[in-house]
Amino acid sequence: KLPLARGFSFGRTWYPRADQGVRWAYDDAVVSYFNPNDRPLSVDVELRLLAVTEREITLRHRERVLRRVRVGPEPITVNLGELELTPGINLIEMTSDLPARRTGSGQYQLRSFGLAEARVRARAPITMLD
């Protein structure tokens, strides 16, 4: 619901376009979510992650480890549970325990892990900004 963003913005190391519905990162990566309110917002976050080879992905918010998950070529759903998003830009950092691998000779083929889907749901009704 407005005025909230519909999803994450992609920061460093994400390729500019999705490939078959998956947005790939070639190194440790960041997604951001903007909370336009003047107070924290409690949300549930769910991600569908996959990787070129099996690896462990660590997800952090405000330097706190949220989850460590094993991911491979088949997408898995990762529920990050309840997060408190402060007013302004909030970052979720994703790091891999292994380096990226080249999956082909074309452009954007150096890949580490991918994001197939992301959902952010407010835990309480949202009131409009004044």
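All values below were derived from every heavy atom in this structure, side-chain atoms included, with hydrogens, water molecules and symmetry-related copies excluded. Because the structure is a prediction, the values reported are computed rather than measured.
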Undergrad: Would you check if the side chain of N35 reaches a backbone N or O of N37 as a donor-acceptor pair within less than 3.5 Å?
TA: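 Yes; at least one donor-acceptor contact below 3.5 Å.
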Undergrad: List the steps and the verdict of side-chain contact (heavy atoms from CB on, under 4.5 Å) for E84 and N90.
TA: CA-CA 9 Å; E84 184 177 281; N90 290 266; over 6 Å; no
Undergrad: Please determine whether side-chain contact (heavy atoms from CB on, under 4.5 Å) holds for the pair V43 and Y33, giving the CA-CA distance in whole Å, both sets of side-chain angles, and the decisive distance to 0.1 Å.
TA: CA-CA 11 Å; V43 298; Y33 191 88; 5.5 Å; no
Undergrad: Apply ring pair (Phe, Tyr, Trp, His ring centres under 6.0 Å) to Y26 and list each qualifying residue two or more places apart in sequence or on a separate chain.
TA: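 Scan of Y26 (ring pair (Phe, Tyr, Trp, His ring centres under 6.0 Å), adjacent residues dropped) gives Y15.
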Undergrad: Taking a hydrophobic cluster as the set of Ile, Leu, Val, Met, Phe, Trp and Tyr residues connected by side-chain heavy atoms closer than 4.5 Å, whether directly or through intermediates, do V31 and I76 fall within one such cluster?
TA: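 Yes, one cluster joins them.
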Undergrad: What's the separation between atom CZ in R123 and atom CG in L41, rounded to the nearest 0.5 Å?
TA: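 If we round to the nearest 0.5 Å, R123:CZ and L41:CG are 11.0 Å apart.
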Undergrad: What pair of heavy atoms forms the shortest contact from A25 to A29, and how long is it?
TA: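 The answer is CB-CB, 3.8 Å.
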Undergrad: Assigning hydrophobic clusters by single linkage (Ile, Leu, Val, Met, Phe, Trp, Tyr; side-chain heavy-atom cutoff under 4.5 Å), is V22 placed with W14?
TA: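 No, V22 and W14 fall in different hydrophobic clusters.
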Undergrad: Does atom CZ of R68 have more than 12 heavy-atom neighbours, drawn from other residues, nucleotides or ligands, at distances under 6.0 Å?
TA: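 Counting neighbours around CZ of R68, 12 or fewer heavy atoms of other residues, nucleotides or ligands fall under 6.0 Å, so no.
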Undergrad: Indicate yes or no for a side-chain donor-acceptor contact from T13 to the backbone of D27 under 3.5 Å, with no hydrogens or angles considered.
TA: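 A pair under 3.5 Å: yes.
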Undergrad: Under the side-chain contact (heavy atoms from CB on, under 4.5 Å) test, which residues partner E117, sequence neighbours left out?
TA: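 Only R48, R119 meet the side-chain contact (heavy atoms from CB on, under 4.5 Å) criterion with E117.
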Undergrad: Using side-chain contact (heavy atoms from CB on, under 4.5 Å), reason through L66 and L83 one step at a time and then give a plain yes or no.
TA: CA-CA 9 Å; L66 300 172; L83 290 181; 3.5 Å; yes
Undergrad: Among L59, D28, V30, which residue satisfies the side-chain contact (heavy atoms from CB on, under 4.5 Å) criterion with T95?
TA: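 Checked L59, D28, V30 against T95; only one passes side-chain contact (heavy atoms from CB on, under 4.5 Å): D28.
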Undergrad: Does L50 share a hydrophobic cluster with M94, counting links as ILVMFWY side-chain heavy atoms below 4.5 Å and allowing steps through other members?
TA: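 L50 and M94: separate clusters.
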Undergrad: Is the CD atom of E63 crowded by more than 12 outside heavy atoms at less than 6.0 Å?
TA: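 Not more than 12 within 6.0 Å, no.
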Undergrad: Using the rule that Ile, Leu, Val, Met, Phe, Trp and Tyr join whenever any side-chain heavy atoms are under 4.5 Å apart, tell me whether F113 and V69 fall into a single cluster.
TA: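 Same cluster.
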Undergrad: Under 4.5 Å between side-chain heavy atoms, hopping through other hydrophobics if needed: is there a path connecting F34 to L91?
TA: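 Cluster IDs for F34 and L91 match.
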Undergrad: Is there a side-chain contact between L85 and H61 in this structure, where contact means two heavy atoms from C-beta onward sitting under 4.5 Å apart?
TA: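 Counting from C-beta outward, L85 and H61 do come under 4.5 Å.
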Undergrad: Under 6.0 Å from the CD1 atom of I89, do we count more than 12 heavy atoms belonging to anything else shown?
TA: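 For I89, atom CD1 is not crowded (no more than 12 foreign heavy atoms under 6.0 Å).
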Undergrad: Centre of Y108's six-membered ring, under 6.0 Å away, within 45 degrees of the axis: is that where NZ or CZ of R17 sits?
TA: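 Cation-pi check for R17 and Y108: fails.
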Undergrad: Taking all non-hydrogen atoms of both residues into account, name the closest pair between N79 and V45 and its distance.
TA: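 Shortest heavy-atom contact: OD1-O, 3.4 Å.
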Undergrad: Run the side-chain contact (heavy atoms from CB on, under 4.5 Å) check on F8 and I92 step by step: do they pass?
TA: CA-CA 9 Å; F8 287 105; I92 294 179; 3.8 Å; yes
Undergrad: Residues in side-chain contact (heavy atoms from CB on, under 4.5 Å) with V52, at least two apart?
TA: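 With neighbours one apart ignored, the set is W24, R55, R101, T103, R111.
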Undergrad: Report yes if the side chains of T86 and R62 come closer than 4.5 Å at any heavy-atom pair, otherwise no.
TA: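 SC-SC contact between T86 and R62 confirmed.
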Undergrad: Please round to the nearest 0.5 Å and tell me the distance separating atom CG of L49 and atom CG of L115.
TA: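 That separation rounds to 6.0 Å.
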Undergrad: To the nearest 0.5 Å, how far apart are CD in E74 and CD in E54?
TA: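 Nearest 0.5 Å value for the CD-CD distance: 12.0 Å.
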